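This report concerns only the one structure given below.
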Amino acid sequence: MTAVESRPAGVLSESPVRRPFGARVKGFVALTKPRVIELLLMTTVPVMFLAAQGVPDLGLVLATCIGGYLSAGGAGAFNMYYDRDIDALMDRTSQRPLVTGMVSPRECLVFATALTVVSTVWFWFLVNPLSAMLSLGASLFYTVVYTMILKRRTAQNIVWGGIAGCLPVIIGWSAVRNEVSWASLILFLVIFFWTPPHYWPLSMKVKDDYERANVPMLPVVAGNKAVARQIVLYSWVMVGVSLLLQPLGYTGWFYTAVAVLCGGFWLKEAHALQARAKAGITGAKLKEMRLFHWSITYVSLLFTAVAIDPFLR
């Protein structure tokens, strides 16, 4: 945001800052964590194609995406409100709107509350009540269970806190079918087991940030060897779960082929990271971000296959 001077981590803005309208708009958009929401919608929409066994009602898809953005955006804003103290201590988050003063804490709280209320009403009347309750549950879980309870207390924070990020898969299914099925639960578990090995490599990269903020992410309380071992364990379970859809009759050969190929490459990267960690390699040569970047590609390809598979059966 051009109107705010860069400041070092650990310094909250206490003096008034120039807050031009355009920069303010960008600040409020940043509160919703749009990059995270992009990933959530990337898993929601393909599941709607699977649930419809073809092209779902496009109006319903649009309504679900808008509702999902509002709901996840509200949760993201609540997260930034509660975490503004530790955000100021971390280089990665030191330019967030509440830290720079572009948005005040009161404005953020009102904004987050409004988004949560509007998203719940939106889902209830334009999608269905089940999806509305699931969406509200995901928002509350992320805000209360992850942000307020787990994040600062346990190294397993991202494991259980990641449940909130799994629920959009079920919401996508329920939006079309108005029910929860085994297919949606399997894909929920894929994202559940995907989340830790997706996030832990990034946590390894910015470990000093979390240590400075006294947040017990696994790389802070355990060595690289232990973290890499956990990454490999979760990766194997994730790949195994991803292959359950075909024998249960929900997908065909195309999804299965993509799941095997992408899962195989994931396991190769996970084991390579573990080998480097075991060898005592640190710093840039550890290349932990290779797995982080691949994890985003993996989930994109896997869920694209989820959407395409019904047309090839």
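Given the structure is predicted, the values throughout are model-derived calculations rather than measurements.
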Step by step, would you call Val206 with Met90 a side-chain contact (heavy atoms from CB on, under 4.5 Å)? CA-CA 9 Å; Val206 297; Met90 300 170 60; 5.6 Å; no

Where [X] and [Y] come nearest, the two heavy atoms and their spacing:
{"X": "Leu302", "Y": "Ser242", "answer": "CD2-CB, 4.5 Å"}
{"X": "Cys108", "Y": "Val103", "answer": "N-CG1, 3.9 Å"}
{"X": "Ser119", "Y": "Leu70", "answer": "CB-CB, 3.6 Å"}
{"X": "Pro46", "Y": "Val306", "answer": "O-CG1, 3.7 Å"}
{"X": "Gly161", "Y": "Leu150", "answer": "N-CD1, 3.8 Å"}
{"X": "Leu243", "Y": "Ala259", "answer": "CD2-CB, 3.7 Å"}

Quick one: does any side-chain atom of [X] pair with a main-chain N or O of [Y] as donor and acceptor, under 3.5 Å?
{"X": "Asn157", "Y": "Thr154", "value": "yes"}
{"X": "Ser184", "Y": "Val180", "value": "no"}
{"X": "Arg153", "Y": "Met148", "value": "yes"}
{"X": "Ser94", "Y": "Asp91", "value": "yes"}
{"X": "Thr100", "Y": "Pro97", "value": "yes"}
{"X": "Arg276", "Y": "Ile281", "value": "no"}
{"X": "Asn224", "Y": "Ala277", "value": "no"}
{"X": "Thr116", "Y": "Ala112", "value": "yes"}
{"X": "Trp200", "Y": "Ala228", "value": "no"}

Within one Ile-Leu-Val-Met-Phe-Trp-Tyr cluster: [X] and [Y], side-chain cutoff 4.5 Å:
{"X": "Met133", "Y": "Leu167", "result": "no"}
{"X": "Leu134", "Y": "Leu41", "result": "no"}
{"X": "Leu244", "Y": "Leu233", "result": "no"}
{"X": "Leu115", "Y": "Ile37", "result": "no"}
{"X": "Val55", "Y": "Val176", "result": "yes"}

Side-chain heavy-atom pair [X], [Y] within 4.5 angstrom cut-off:
{"X": "Lys287", "Y": "Leu273", "value": "no"}
{"X": "Val169", "Y": "Thr44", "value": "no"}
{"X": "Leu50", "Y": "Leu187", "value": "yes"}
{"X": "Leu130", "Y": "Trp173", "value": "no"}
{"X": "Pro216", "Y": "Val220", "value": "no"}
{"X": "Lys205", "Y": "Phe292", "value": "no"}
{"X": "Val47", "Y": "Thr43", "value": "no"}
{"X": "Ile231", "Y": "Glu269", "value": "no"}

Gap between atom [atom2] of [Y] and atom [atom1] of [X] - 0.5 Å precision:
{"X": "Thr195", "Y": "Trp160", "atom1": "OG1", "atom2": "CH2", "result": "12.0 Å"}
{"X": "Ile171", "Y": "Phe123", "atom1": "CD1", "atom2": "CZ", "result": "5.5 Å"}
{"X": "Leu60", "Y": "Thr64", "atom1": "CG", "atom2": "OG1", "result": "4.0 Å"}
{"X": "Leu291", "Y": "Ser235", "atom1": "CG", "atom2": "OG", "result": "6.0 Å"}
{"X": "Met80", "Y": "Thr147", "atom1": "CE", "atom2": "OG1", "result": "11.0 Å"}
{"X": "Leu136", "Y": "Leu140", "atom1": "CG", "atom2": "CG", "result": "4.5 Å"}

Ignoring hydrogens and geometry beyond distance, is a side-chain donor-acceptor pair present between [X] and [Y] at under 3.5 Å?
{"X": "Ser71", "Y": "Ser139", "answer": "no"}
{"X": "Thr251", "Y": "Asp309", "answer": "no"}
{"X": "His198", "Y": "Trp266", "answer": "no"}
{"X": "Tyr234", "Y": "Arg229", "answer": "no"}
{"X": "Asn79", "Y": "Lys33", "answer": "yes"}
{"X": "Ser131", "Y": "Asn128", "answer": "yes"}

Is it the case that the ring center of Trp182 lies less than 6.0 angstrom away from the ring center of Phe188? no

Looking at Tyr146 versus Phe141, is the centre-to-centre ring distance below 6.0 Å? no

Counting only heavy atoms not in Arg313, do more than 12 fall under 6.0 Å of its CZ? yes

Does CH2 in Trp294 sit with more than 12 non-hydrogen atoms of other residues, nucleotides or ligands closer than 6.0 Å? yes

A cation-pi test, strictly: NZ or CZ of Arg84 under 6.0 Å from the centre of the six-membered ring of Tyr81 and no more than 45 degrees from its axis. Yes or no? yes

Could you go step by step and tell me if Tyr69 and Trp122 meet the ring-ring contact (aromatic ring centres under 6.0 Å, His included) rule? CA-CA 11 Å; Tyr69 186 96; Trp122 178 280; over 10 Å; no

Between [Y] and [X], is there a salt bridge with N-O shorter than 4.0 Å?
{"X": "Asp83", "Y": "Arg152", "result": "yes"}
{"X": "Arg92", "Y": "Asp87", "result": "no"}
{"X": "Glu107", "Y": "Arg24", "result": "yes"}

Show, in sequence, the C-alpha distance, side-chain angles and deciding distance for Val239 and Leu267, and conclude whether the side-chain contact (heavy atoms from CB on, under 4.5 Å) test is met. CA-CA 8 Å; Val239 172; Leu267 292 174; 4.1 Å; yes

Intermediate values then yes/no, side-chain contact (heavy atoms from CB on, under 4.5 Å), His271 and Trp236: CA-CA 10 Å; His271 279 280; Trp236 273 100; 2.9 Å; yes

Test side-chain contact (heavy atoms from CB on, under 4.5 Å) applied to Ile191 and Phe303, step by step: CA-CA 11 Å; Ile191 299 299; Phe303 278 82; 3.6 Å; yes

